[in-house]
Amino acid sequence: MKHALLVAIAACAPEVPAEPSFQLDVMPILAANCVRCHGYPTIGGAPASFRLDTFGDVVLRPGIPSEREPCGAPDDPDAAHVLCGAASLAVFSARRSADQLYPMPPRFPLDSFQIETLERWAEAPNRGAPRRGNHAPDLVLENIAEASGSVVVRLRVDDLDGDMVGGTLRAVGGGSSILVGVLRSGAQALHWDTTGVPAGDYVLRATLDDGAEPIDVDLGALTTGAGS
């Protein structure tokens, strides 16, 4: 009787998708188990060089990517500082979740379905198919405050589907695209140090990613920089 019950339970278990979708299959696992510490900003001593609440990487500091530490903050001041996203860390995440001695998350390890889903996605960490009828993320600009040498942008990022949202806010102008800050779901205030930024007109452009496809949202223009 016990054997028959186990067979029945196994027959009802969900089947791991052959080609997991990041938005549909992987993001829910990361959201429920990983991003409390490995989001942005990180907490609990988690490495600050990567985040699991967004698909792609963000270059925080321009330069030449380091082969030794492609996803961290290398000692070389001329090297790029890259904040790695879930796709770059797919193999690492799958291995850590299945580690028998030091699994991640440590207190509540993933179940076999979740681990196998991450392992299968790590074989080809693509976005895959998005949700049918997926709603694009929504950004509300609350306030832009300028002071000598800085700009503070207050905004809120929401998603009707309840997806995690990551992204960036950049100031585009004068042939350059300057990183203002890294975006996440919820309310936030981004502080842009404009010291040394060439004076001119800049368009604030947010890129939002809910796991489907990134979208760009222009928040308007401002004049800032040295001498403004």
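For the numbers below, each heavy atom of this structure counts, side chains included, while hydrogens, waters and symmetry mates do not.
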Between the side chain of [X] and the main-chain N/O of [Y], is any donor-acceptor distance below 3.5 Å?
X    : Y    : value
N33  : I29  : yes
N126 : G128 : no
E146 : T224 : no
Q23  : R127 : no

Between [atom1] on residue [X] and [atom2] on residue [Y], distance to nearest 0.5 Å:
X    : Y    : atom1 : atom2 : value
L179 : R170 : CG    : CZ    : 5.0 Å
Y40  : F50  : OH    : CZ    : 14.5 Å
S21  : W121 : OG    : CH2   : 9.5 Å
L118 : L30  : CG    : CG    : 6.0 Å
T194 : I178 : OG1   : CD1   : 9.5 Å
R51  : L89  : CZ    : CG    : 11.5 Å

Are [X] and [Y] linked, directly or through other ILVMFWY residues, by side chains that come within less than 4.5 angstrom of each other?
X    : Y    : value
V140 : L169 : no
L183 : V217 : yes
I215 : L160 : no
V152 : V197 : no

Side-chain touch [X]/[Y], heavy atoms, less than 4.5 angstrom:
X    : Y    : result
L139 : L219 : yes
L222 : L204 : yes
L60  : V182 : yes
L155 : V153 : yes
D163 : M27  : yes
M104 : L110 : no
E116 : R120 : yes

Go through the steps for R131 and D161 under the test salt bridge (Lys or Arg N to Asp or Glu O under 4.0 Å), then give the verdict.
-> CA-CA 10 Å; R131 177 188 302 103; D161 303 305; 3.6 Å; yes

_salt bridge (Lys or Arg N to Asp or Glu O under 4.0 Å) between R205 and D216, worked out_ = CA-CA 7 Å; R205 180 166 298 155; D216 290 333; 5.3 Å; no

- request: Inspect the contact between R156 and D138 and indicate whether a charged nitrogen and a carboxylate oxygen are less than 4.0 angstrom apart.
  value: no

Residues 86-111 vs side-chain hydrogen bond (donor to acceptor under 3.5 Å, both in side chains), sequence neighbours excluded, gives D57-S88

We want to know whether D25 and T117 form a side-chain donor-acceptor pair, criterion being a heavy-atom distance below 3.5 angstrom. no

- [ ] Check whether the side chains of S150 and D193 place a donor and an acceptor atom closer than 3.5 Å, and report yes or no.
- [x] no

If you count heavy atoms of other groups shown closer than 6.0 angstrom to CD of E19, is the number above 12? no

Side chain to side chain contact (heavy atoms under 4.5 Å, CB included) with P214: of D209, L208, T168, only one passes, and it is D209

Note: A94 and A122 closest approach over all heavy atoms is CB-CB, 4.1 Å

As a quick check of understanding, evaluate side-chain contact (heavy atoms from CB on, under 4.5 Å) for M164 and V35, giving each step before the final call.
CA-CA 9 Å; M164 295 186 299; V35 301; 3.6 Å; yes

Note to self: Test side-chain contact (heavy atoms from CB on, under 4.5 Å) on I43 and R36; report intermediate values, then the result.
What the structure shows: CA-CA 7 Å; I43 65 171; R36 179 178 180 274; 4.1 Å; yes

| field | Plane angle bin for F22 and F55 - parallel if under 30°, tilted between 30 and 60°, otherwise perpendicular | value | perpendicular

